[in-house]
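These numbers come from the heavy atoms of this one structure, side chains and all, not from hydrogens, waters or symmetry mates.
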Amino acid sequence: MSDTQRSGAGAASGSELISLDAAELARRIHAREVSSVDVTRAHLERIEAVDGPAESGVHAFLHLDAEGALAAAEAADRAIADGAPASPLAGVPVALKDNLTTTDMPTTAASRILEGWRPPYDATVVARLRAAGLVPLGKTNLDEFAMGSSTENSAFGPSRNPWDLTRIPGGSGGGSSSAVAAGESPLALGSDTGGSIRQPGAVTGTVGVKPTYGTVSRYGLIAFSSSLDQIGPCARSVLDAALLHEVIGGQDANDQTSVSAPLPPVVEAAQAGARGDLSGVRIGIVTEFSGEGYQPGVLGAFTDAVRTLGELGAEVVEVSCPSFTYALPAYYLIAPSEASSNLARFDAMRYGLRVGDDGEHAADEVMSLTREAGFGAEVKRRIMIGTHALSAGSYDALYGKAQKARTLIVRDFTAAFETCDVLISPTTPTTAFPIGERADDPLAMYLADLCTIPSNLAGNAALSVPCGLSADDGLPVGLQIMAPALADDRAYRVAAAYEVARGPGAGPRIPELRALETTR
Ligand code: GLN
């Protein structure tokens, strides 16, 4: 049943507008049944109602630009009235993770070191959204510099999971996913270095996509681990994610790792998948991603999803990818190594915070005082691990070995994709955990990305699609679908077919925020 059928076509109350998919919003805006200004206002009102206060609200946004959003919405309405809509998503609101540079809004990466910084240029993805007539609402919360799995590492306080406000919304892009899950925005952008789009998607019951490395420009993404970082869409439906993916994707001269191959036909694939036939598709279950440490409710929902995929005509087999067990340790050497180098640019001279600039301190002292005060504990931990892993005495044993493990992981994927079109696993081993539960236990926190990291290391495409609620706690579970590099369309096709067959099994897509409403 579509949203239109559920709520009766034609009506356009604010509460209805915030529950509609981006594709349906775009259809109505283009048919001039509703204006982009009304749609934007409805979302701004929703944000006003549920996002704050930071101590108890969803707290998905670090910065809201109501004025800019309404101006962009008016421009989209005008273009449509003139018969020249910029793109299929023109007029639809979108939220931006706050590690994407924006000329008209601050960009902090949720770090004190960048507090108040106004970038001089827009990230390519942001420029493309604007050119396509989308309406940026504001900047969303994240773990500082995208390092974390819960948003608890944000210098500005955590975001909360709309399904249960005492729990984490995942990370690092928990702000983007919780905004989408809470009906604050139909679409958002995230960045995924080890799972930061897919894991928040899984635990908030939304769709999150990590495109093939190099197919979405990283220009203007504040670099964490440049060989792993990839920007991608967050949405409430597979088709919406595909529509946004097509707006942001494609080669960019400003990103030297950007690939010239044409963007895989993700929208076409999502539409084809929605017809619900997966016959001829071979799906491999990664056997390494189950067992100890996996919540029974997660495995239960995953098993149901496997059955559904079989009913859709797919052939489902088991495949072993033995090197995937090295992915987590390899990632936690490679990502911090690259981060230690990328974060050297925050030197108190060029951006944001400057501490000790009082004429009493030498430049190197200002630099260390600023970094001491400006970076949070997890960022410092990563810089230290990375610096150590790259140091002359440890390089071969740590960084070098991690790169060898990376090669083995790539080989496992290559072998598995020789017999399977896509691979699947739960997106995360558990559902959303309570805020604070893993905050002092980095290793427990790192385990949240066990299943998502291999695709970053190999650079292939992967997404998470909601796969029902865990029988343990009633919280959303994600199904991860991985596809070969430049075959993102395969993952979309399978996800769209699954989404239709799954039906309303994931419960209401916009939860009621009970806890919040009773505290206000
Ligand atoms: N949670 C992982 C980390 O802390 C992944 C983060 C990400 O994808 N940005 O590094």
Side-chain angles (χ1 to χ4, degrees), residues 149 170 192-199 201-202 208-213 225 227-230 282-295 298-299 301-303 305-306 309 316-338 389 398-430 443-465 467 477-485 487-488 490-491 494:
S149 306
D192 190 311
T193 305
S196 282
I197 297 174
R198 289 163 287 159
Q199 181 258 3
V209 183
K210 185 201 87 72
T212 297
Y213 184 82
S225 180
S227 77
L228 304 167
D229 299 340
Q230 191 63 85
R282 234 174 116 90
I283 299 178
I285 302 173
V286 178
T287 52
E288 280 72 17
F289 290 151
S290 66
E292 208 191 321
Y294 288 77
Q295 220 171 282
V298 167
L299 294 178
F302 179 71
T303 306
V306 169
L309 291 167
V316 189
V317 298
E318 299 217 343
V319 286
S320 173
C321 295
S323 302
F324 283 13
T325 49
Y326 305 136
L328 198 67
Y331 172 88
Y332 277 99
L333 290 167
I334 294 169
S337 296
E338 295 186 13
L398 298 177
Y399 183 78
K401 212 166 190 178
Q403 291 292 13
K404 286 183 184 148
R406 188 174 188 172
T407 303
L408 295 177
I409 290 158
V410 172
R411 285 189 193 151
D412 274 3
F413 268 121
T414 308
F417 287 132
E418 269 165 23
T419 58
C420 298
D421 298 301
V422 296
L423 301 178
I424 57 169
S425 74
T427 307
T428 64
T430 71
L443 285 184
M445 190 69 87
Y446 296 171
L447 286 173
D449 298 301
L450 199 58
C451 313
T452 47
I453 281 173
S455 293
N456 298 86
L457 291 170
N460 58 294
L463 59 76
S464 179
V465 60
C467 112
V477 175
L479 167 68
Q480 179 176 227
I481 305 172
M482 297 164 270
D488 308 44
R490 286 191 205 169
V494 173

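Atom CG in N456 sits 8.5 Å away from atom CG in D449 (nearest 0.5 Å). The structure places OH of Y213 at 12.5 Å from CG of L457, a figure rounded to the nearest 0.5 Å. The CG atom of L450 sits 11.0 Å away from the OG atom of S149 when rounded to the nearest 0.5 Å. Here the OG1 atom belonging to T427 is positioned 9.0 Å from the CZ atom belonging to F302, to the nearest 0.5 angstrom.
The one candidate from I481, V306, I424 that meets the side chain to side chain contact (heavy atoms under 4.5 Å, CB included) condition with I283 is I424.
Within the 3.5 Å criterion, the main-chain N or O of T452 finds no donor-acceptor partner in the side chain of Q199. Looking at D192, its side chain never comes within 3.5 Å of a backbone N or O of Q230 through a donor-acceptor pair. A donor-acceptor pair is defined here as one N or O able to donate and one able to accept, closer than 3.5 Å; no such pair exists between the side chain of D229 and the backbone of T193. Side-chain N or O atoms of Q480 include none that pairs as donor or acceptor with a backbone N or O of R198 at under 3.5 Å. Put simply, the side chain of K210 gets close to the backbone of N460: a donor and an acceptor are under 3.5 Å apart. Looking at D488, its side chain does come within 3.5 Å of a backbone N or O of T212 through a donor-acceptor pair.
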Practice prompt. Determine, stepwise, if the pair R406 / S227 fulfils side-chain contact (heavy atoms from CB on, under 4.5 Å).
Written response: CA-CA 12 Å; R406 188 174 188 172; S227 77; 3.0 Å; yes
Would you tabulate the side-chain donor-acceptor contacts of residues 321-332 under 3.5 Å, counting partners in other chains and residues two or more places apart, or write 'none'?
residue, atom, partner, partner atom, Å
S323, OG, D412, OD2, 3.4
T325, OG1, P322, O, 2.8

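Counting heavy atoms from C-beta on, the side chains of R490 and P484 come closer than 4.5 Å.
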